Amino acid sequence: MRANSPSPALNPAKRSMATSQLDGSWNRKLKSGQIAPDYTLDLHDHNLDRAYDRIMSGLDQARMMGARVVLVVAGRERPVDPADRANKRGAIRAKLLDWLAVSRHAEAIAAVRRAHIRHGGEGALYLVLKRSG
């Protein structure tokens, strides 16, 4: 799926990824910023196609390394008209969950959470990956 492809409707994979439950200990540690990311993907200054390629290749690398928490810095989410998603600020963030939900990595993502302020706050997300094996 290319970055310019139309966004799929909120499908079950995306819904479960966004609402996956971690145990209380994980949630507390993420909210308080006690967990340091194992891998960081900064998508600033990327267009949609480059951002899509970077997130997919970066998750390949993170998974090969055995990373559990990936920090994705994508900027703050902004209201974006679907017709303008390719050109306006906030376009990457607006597409990110769609890309992840239909990607080869969807089954490996246990949860998606907003990052702690020290890791980017509203402009970043934690992707908590399932243990491999």
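As a basis for the values below, the full set of heavy atoms in this structure was taken, side chains included, without hydrogen atoms, waters or symmetry mates. Given the structure is predicted, the values throughout are model-derived calculations rather than measurements.
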Tyr52 side, atom OH; Ser103 side, atom OG - distance, nearest 0.5 Å: 6.5 Å
Distance, nearest 0.5 Å, that separates CG of Leu71 from CG of Leu41: 8.0 Å
Arg114 side-chain N/O to Leu125 backbone N/O, donor-acceptor pair under 3.5 Å: no
Connected via hydrophobic side-chain network under 4.5 Å: Met65 and Ile109: yes
Arg118 side chain vs Gly33 backbone, donor-acceptor pair below 3.5 Å: yes
From NE2 (His105) to CZ (Arg63), nearest 0.5 Å: 6.0 Å
Nearest heavy atoms of Ile92 and Trp99, plus distance in Å: CG2-CZ3, 4.3 Å
ring-ring contact (aromatic ring centres under 6.0 Å, His included) contacts touching residues 25-51 (sequence neighbours left out): none
Approximate separation, where rounding is to 0.5 Å, of Met64 CE and Leu59 CG: 11.0 Å
Heavy-atom closest contact (Ala106 atom, Ala101 atom, distance): CB-O, 3.4 Å
Reported CD-to-NZ distance for the pair Glu107 and Lys130, which is rounded to 0.5 angstrom: 5.5 Å
SB check Arg104 Asp60 (cutoff 4.0 Å): yes
Residues, nucleotides or ligands: over 12 heavy atoms within 6.0 Å of Arg54 CZ: yes
Side chains of Val72 and Leu96 in contact at under 4.5 Å (non-hydrogen atoms): yes
Closest non-hydrogen atom pair, Leu30 against His116: O-CB, 3.9 Å
For the student: nearest non-hydrogen atoms of Pro37 and His119, plus distance: CD-NE2, 3.5 Å
Reported CG-to-CG distance for the pair Asp38 and Leu127, which is rounded to 0.5 angstrom: 11.5 Å
